[in-house]
Amino acid sequence: MSSGSQSSSSSSQYPILCASFNQDSSGFAISTRDGFKIFDSNTGRLCYERASGAFVVVEMLYSSSLLAIVGGGEQPSLSPRRLCLFNTTTGAALRELNFLTSVLAVRLNKKRLVVVLQEKTYIYDPHTLAILDAIDTVPNVKGLCAFSPSLDGCFLAVPSSTTKGSVLVYNVMELQSHCEIDAHRSPLAAIVMSCNGMYIATASEQGTIIRVHLVSEATKSYSFRRGTYPSTIFSLSFGPSTQLPDVLVALSSSGSIHVFSLGLAINQRGRRSSSFLGSLLPDSVNDAFDPAYHRVLHNAVPAGVKSNVVVRKVDKIADTSLSESVASRATLSVITFNGHFLEYTVYVNTQNESKWSLESEFNLLAVISGEEQHFQLV
């Protein structure tokens with residue numbers, strides 16, 4: 001699963017300038033015009049804060065003390081063209097990289113550091129900051145990218161067209177292009193990779209169809225209809241499974257959260273096909289839009305407010321409505337750019353019935369240092 005980072009310019013209408021979960025979603029970072037904060041996803045505890053001006057990128061490396069930060073440009077010392085590797089333990093900058101244009105996105109794992117500019121993407125060794133490769137890209141003004149942090153399937157995806165929804169998938173460990181996927185007729189609005197690098201999900205600027213692709217085959221594996229009317233997809237997230245992700249979640253500008261049962265869709269199609277790959281491929285485009293695999297929670301966040309969602313965990317639990325049956329429970333964490341953290345649970349039983357629950361909510365901007373949020377509703 002990607003770190004799910006989203007950023008906005010320092011002239012943003014929102015108090016939060018960027019929001020990102022770390023590689024395993026155990027922690028998350030937010031930035032305001034005053035500085036940045038690091039939180040524990042499980043408890044809501046504020047783990048670290050630094051009041052030193054506006055940042056448009058704050059990326060964590062799992063739960064380590066290393067951060068990659070990029071300033072918002074409101075002060076000369078916080079140039080958006082400078083990437084700083086920062087140590088939260090010492091409070092000191094370790095290394096800096098300077099670029100000719102603004103840094104739009106950063107992704108990293110223990111072996112690779114990816115820096116996305118508008119027309120170039122750079123790959124570095126994070127330990128030495130030696131440049132390993134430079135990829136020329138089409139103009140990527142939103143800094144769209146997806147990254148799978150797994151060292152075994154470490155892929156990066158960036159847009160490969162400005163007129164249609166094509167994706168370039170690049171093998172970051174082997175430093176070579178892997179494939180190009182033509183996903184949509186309209187330009188991309190959101191992309192995400194599963195944590196093992198096996199799957200990539202895409203949404204176009206239309207936002208009506210979410211497509212899932214098998215990276216190894218560069219094929220469209222499955223399509224899900226989010227809705228009939230266009231909507232901006234703010235965020236996509238796969239479930240954290242290291243094999244086949246159980247679910248894919250989308251959060252749209254309508255304020256709705258959409259949960260697609262990827263595992264269920266593929267398993268049911270597998271009954272009609274003996275081959276694994278054959279079970280992934282839809283019989284036709286229209287055949288892929290089965291509403292049985294789609295659940296939606298309306299008004300999950302305020303409509304129009306930019307938000308970031310991740311699937312933090314998916315558990316198998318006893319289905320009390322049916323004896324000796326197992327249901328699934330997905331935990332979804334949401335950061336809204338107007339300053340709130342929400343945690344939802346969606347239960348799906350073996351009869352394909354679902355139930356939503358808002359477990360917790362708190363105001364990220366009101367958290368006091370050292371205070372643990374006990375996830376009380378506000």
Side-chain angles (χ1 to χ4, degrees), residues 1-6 19-30 38-45 47 60-64 109 146-150 153 192-199 201 210 212 235-251 257-267 293-297 300-301 307-320 325-336 340-350 352-362 364 372-377:
M1 184 168 57
S2 75
S3 59
S5 171
Q6 292 188 8
S20 62
F21 289 87
N22 65 357
Q23 292 83 355
D24 58 11
S25 300
S26 61
F28 64 91
I30 65 164
I38 307 293
F39 291 85
D40 183 302
S41 297
N42 294 298
T43 64
R45 183 174 64 88
C47 303
M60 305 170 66
L61 178 62
Y62 293 95
S63 298
S64 74
N109 63 14
F147 183 67
S148 55
S150 166
V192 70
M193 300 200 77
S194 61
C195 61
N196 60 4
M198 286 183 64
Y199 297 91
I210 312 293
V212 177
S235 181
L236 291 169
S237 175
F238 279 109
S241 170
T242 55
Q243 301 302 317
L244 171 70
D246 302 273
V247 296
L248 171 67
V249 173
L251 194 153
I257 294 177
H258 302 261
V259 176
F260 304 100
S261 297
L262 185 59
L264 177 64
I266 289 174
N267 288 337
Y293 311 134
H294 179 198
R295 291 161 192 84
V296 58
L297 176 64
V301 298
S307 302
N308 194 3
V309 64
V310 297
V311 186
R312 280 209 301 119
K313 54 186 177 180
V314 177
D315 302 309
K316 300 299 182 183
I317 58 173
D319 186 349
T320 55
S325 295
V326 176
S328 65
R329 175 182 60 200
T331 302
L332 316 179
S333 294
V334 182
I335 301 170
T336 67
H340 287 265
F341 179 88
L342 305 96
E343 186 164 283
Y344 286 100
T345 300
V346 57
Y347 299 87
V348 181
N349 67 14
T350 52
N352 207 24
E353 300 165 330
S354 60
K355 180 178 72 172
W356 289 84
S357 173
L358 174 61
E359 303 295 339
S360 56
E361 179 182 2
F362 67 89
L364 290 165
E372 182 165 316
Q373 303 304 304
H374 293 288
F375 291 128
Q376 299 299 314
L377 296 176

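Remember, predicted model here, so these are calculated numbers, not experimental data.
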J.: What is the minimum heavy-atom distance between Ala146 and Met193, and which atoms define it?
T.: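 For Ala146 versus Met193, the nearest heavy atoms are CB-CG, 3.6 Å.
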
J.: Give a yes or no answer on whether the side chain of Asn196 reaches the backbone of Met198 with a donor-acceptor pair at less than 3.5 Å.
T.: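 Yes.
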
J.: Would you give the length of the straight line joining atom CG of Leu342 to atom OG of Ser360, rounded to the nearest 0.5 angstrom?
T.: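 Separation between the atoms: 7.5 Å.
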
J.: Determine the minimum heavy-atom distance between Ser41 and Glu343, stating which atoms define it.
T.: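 Taking every non-hydrogen atom into account, O-OE1, 4.1 Å.
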
J.: Kindly compute the distance separating OG (Ser20) from CD1 (Ile38), expressed to the nearest 0.5 Å.
T.: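 These two atoms lie 7.0 Å from each other.
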
J.: Which distance, rounded to the nearest 0.5 Å, do you find between the OG of Ser237 and the CG of Leu251?
T.: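 Interatomic distance, Ser237 OG to Leu251 CG, rounded to 0.5 Å: 10.5 Å.
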
J.: Not counting sequence neighbours, which residues clear side-chain contact (heavy atoms from CB on, under 4.5 Å) with Ser150? List them please.
T.: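 For Ser150 the side-chain contact (heavy atoms from CB on, under 4.5 Å) partners, ignoring immediate neighbours, are Asp152.
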
J.: Looking only at heavy atoms, what is the nearest atom pair of Ser194 and Phe238, with distance?
T.: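 In terms of heavy atoms, the two residues are closest at N-CD1, 3.4 Å.
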
J.: Do you know which two heavy atoms are closest between Val348 and Ser354, and how far apart they sit?
T.: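 Closest approach of Val348 to Ser354: CG2-CB, 4.2 Å.
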
J.: List in chain and number order the residues that pass side-chain contact (heavy atoms from CB on, under 4.5 Å) with Ala300, two or more places apart in sequence or in another chain; answer none if no residue qualifies.
T.: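 Per chain and number, Ala300 pairs via side-chain contact (heavy atoms from CB on, under 4.5 Å) with Ile257, Leu297, Tyr344.
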
J.: Partners of Ser357 by side-chain contact (heavy atoms from CB on, under 4.5 Å), sequence neighbours excluded?
T.: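 Only Glu359 meet the side-chain contact (heavy atoms from CB on, under 4.5 Å) criterion with Ser357.
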
J.: Which residues pass the side chain to side chain donor-acceptor pair (under 3.5 Å) test with Ser64, sequence neighbours left out?
T.: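 None.
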
J.: Quick one: pull up CG in Asp315 and OG1 in Thr345 and give me the separation to the nearest 0.5 Å.
T.: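 Asp315 atom CG to Thr345 atom OG1 measures 9.0 Å (nearest 0.5 Å).
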
J.: Strictly distance-based, threshold 3.5 Å: is any side-chain N or O of Glu353 a donor or acceptor partner for the main-chain N or O of Tyr347?
T.: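 Side chain of Glu353 to backbone of Tyr347: no pair is present.
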
J.: Using only atom types and a distance under 3.5 Å, with no angle test, would you say the side chain of Ser241 pairs donor to acceptor with the backbone of Asp246?
T.: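 A pair under 3.5 Å: no.
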
J.: For the residue pair Phe39 and Phe28, does the interplanar ring angle fall in the parallel (under 30°), tilted (30 to 60°) or perpendicular (over 60°) class?
T.: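 The rings of Phe39 and Phe28 lie parallel, inter-plane angle below 30°.
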
J.: Treating Asn22 as the side-chain partner and Gly27 as the backbone partner, does any N or O pair qualify as donor plus acceptor under 3.5 Å?
T.: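 Yes; judged by distance alone, with no hydrogens or angles, the pair exists.
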
J.: Would you check if there is a donor-acceptor pair between the side chains of Arg312 and Ser333 at a distance under 3.5 Å?
T.: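 Short answer, yes.
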
J.: Please report the interatomic distance CG(Leu248) to NE2(His294), rounded to the nearest 0.5 Å.
T.: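 Separation between the atoms: 10.0 Å.
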
J.: So, Ser26 and Ser63: side-chain donor and acceptor under 3.5 Å apart, yes or no?
T.: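 Yes.
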
J.: Do Val301 and Val309 have side-chain heavy atoms sitting under 4.5 Å apart?
T.: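 A side-chain contact is absent here, since even the closest heavy-atom pair is not under 4.5 Å.
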
J.: Report the distance from atom OG1 of Thr331 to atom CG of Asn42, rounding to the nearest 0.5 Å.
T.: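 Going from OG1 on Thr331 over to CG on Asn42, the span is 9.5 Å.
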
J.: Quick one: closest heavy-atom pair of Cys195 and Pro240, and the distance?
T.: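 Looking at all heavy atoms of both residues, the closest pair is SG-O, 3.5 Å.
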
J.: If you look at every heavy atom in Asp40 and Cys47, which pair is closest and at what distance?
T.: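 So the minimum-distance heavy-atom pair works out to N-SG, 3.6 Å.
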
